[in-house]
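A, B, ... follow the sequence lines: proteins, then strands. Residue 1 opens every chain. Source: prediction; values computed, not measured.
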Amino acid sequence: NAGVTQTPKFQVLKTGQSMTLQCAQDMNHNSMYWYRQDPGMGLRLIYYSASEGTTDKGEVPNGYNVSRLNKREFSLRLESAAPSQTSVYFCASSGGLAGGTGELFFGEGSRLTVL
Amino acid sequence: QKEVEQNSGPLSVPEGAIASLNCTYSDRGSQSFFWYRQYSGKSPELIMFIYSNGDKEDGRFTAQLNKASQYVSLLIRDSQPSDSATYLCAVGDTGRRALTFGSGTRLQVQP
């Protein structure tokens, strides 16, 4: 059982380049999330999708777009990368609304460096 | 002001001791409380969750919740070097539909 799978695991970009982080889960979860983690900052929510066909902004959405392609897949796009977006990105999923009783299951993370 | 506060540490305890990790939160509407463990370079994994005031025990781990004081803690008994990690406190409520995380406390268990 793969759980939550993220690709790529590592990426180096130049300022202004674009890229998409892919995330897929095989647990039949309704809710999916993108977080970023920076040293000393903990995990900060970028976007989330409570169900297929819906997306909502989190705490730090500027510079990002998302697509909930289907129930399994939730992608995060950087249209014009900036050095401030250098971070570790985690995708997560939850069977229920994570604000209620749902446990978050995390992918392995994607380490992005923007030069 | 950050909604979920944790002391960044490091908290250093000797092997076999009790480690006490603390977390405060600002939103009185918060309903669910989680403790995640994160090893260096790895993703967070759930250790415990608690919804009601009081204590909840699971093996060597005890979560404590005091909603009146807006305080949640994690006790680790008989600490082992393998417990050395960063512990993240997370808080949720149905209105927000997502968890808010603290910045984490780094625990070091000395052999």
Side-chain angles (χ1 to χ4, degrees), chain A residues 2-6 9-10 21 23 25 27 29-51 54-61 66 68 74 87-111, chain B residues 1-10 21-52 56 58 61 63 65 72 85-106:
Chain A
V4 179
T5 303
Q6 293 181 232
K9 289 186 171 47
F10 300 92
L21 298 176
C23 176
Q25 52 92 8
M27 295 175 282
H29 285 167
N30 287 321
S31 303
M32 297 186 72
Y33 307 82
W34 278 105
Y35 285 89
R36 62 177 288 175
Q37 186 173 38
D38 303 293
M41 300 290 291
L43 289 158
R44 292 184 292 168
L45 183 66
I46 305 171
Y47 271 93
Y48 67 97
S49 171
S51 62
T54 68
T55 60
D56 288 284
K57 295 179 180 179
E59 181 184 355
V60 289
V66 290
R68 183 74 183 267
F74 189 38
S87 189
V88 179
Y89 292 85
F90 286 100
C91 178
S93 70
S94 174
L97 292 177
T101 60
E103 172 189 351
L104 285 179
F105 293 85
F106 287 88
E108 292 185 339
S110 298
R111 285 151 181 80
Chain B
Q1 182 182 358
K2 194 168 176 57
E3 294 184 31
V4 180
E5 297 276 1
Q6 294 182 258
N7 188 319
S8 61
L21 304 161
N22 305 315
C23 173
T24 59
Y25 60 95
S26 61
D27 186 355
R28 286 193 173 275
S30 299
Q31 300 173 346
S32 55
F33 307 87
F34 301 80
W35 282 100
Y36 283 81
R37 177 177 62 199
Q38 186 176 26
Y39 292 113
S40 180
K42 301 296 184 181
S43 57
E45 56 180 342
L46 182 70
I47 297 176
M48 292 196 68
F49 59 88
I50 186 167
Y51 306 135
S52 303
K56 179 182 179 181
D58 184 1
F61 299 95
L65 175 61
V72 59
T86 296
Y87 290 79
L88 301 168
C89 173
V91 174
D93 72 79
T94 53
R96 279 181 293 189
R97 298 189 169 194
L99 297 185
T100 300
F101 284 82
S103 56
T105 298
R106 188 157 62 95

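With hydrogens and angles ignored, the 3.5 Å screen pairs a side-chain donor or acceptor of A/R111 with a backbone N or O of B/G41. With hydrogens and angles disregarded, no donor-acceptor distance shorter than 3.5 Å links the side chain of A/Y33 to the backbone of B/L99.
For the residue pair B/S43 and A/G107, the shortest heavy atom distance occurs at CB-O, 3.0 Å. Scanning all heavy atoms of the two residues, the minimum distance from B/K42 to A/F90 falls at O-CZ, 3.9 Å.
Few gaps surround CD on B/E45; more than 12 heavy atoms of other groups in view lie less than 6.0 Å from it.
If you measure heavy-atom distances from B/Q6 to chain A, you find no contacts under 4.5 Å at all.
Summarising the geometry, atom OH belonging to B/Y36 is positioned 5.5 Å from atom CZ belonging to A/F106; distances are rounded to the nearest 0.5 Å. Going from atom CZ of B/F49 over to atom CG of A/L104 covers 12.5 Å, rounded to the nearest 0.5 Å. Atom CZ of A/R44 and atom CZ of B/F101 lie 13.5 Å apart (nearest 0.5 Å).
Put simply, of B/T86, B/L88, B/L46, the one with the most heavy-atom pairs under 4.5 Å next to chain A is B/L46.
Judged as a side-chain hydrogen bond (donor to acceptor under 3.5 Å, both in side chains), and not counting sequence neighbours, the contacts of A/S49 are A/R68. Residues forming a ring-ring contact (aromatic ring centres under 6.0 Å, His included) with A/Y47 (at least two apart in sequence, or on another chain): none.
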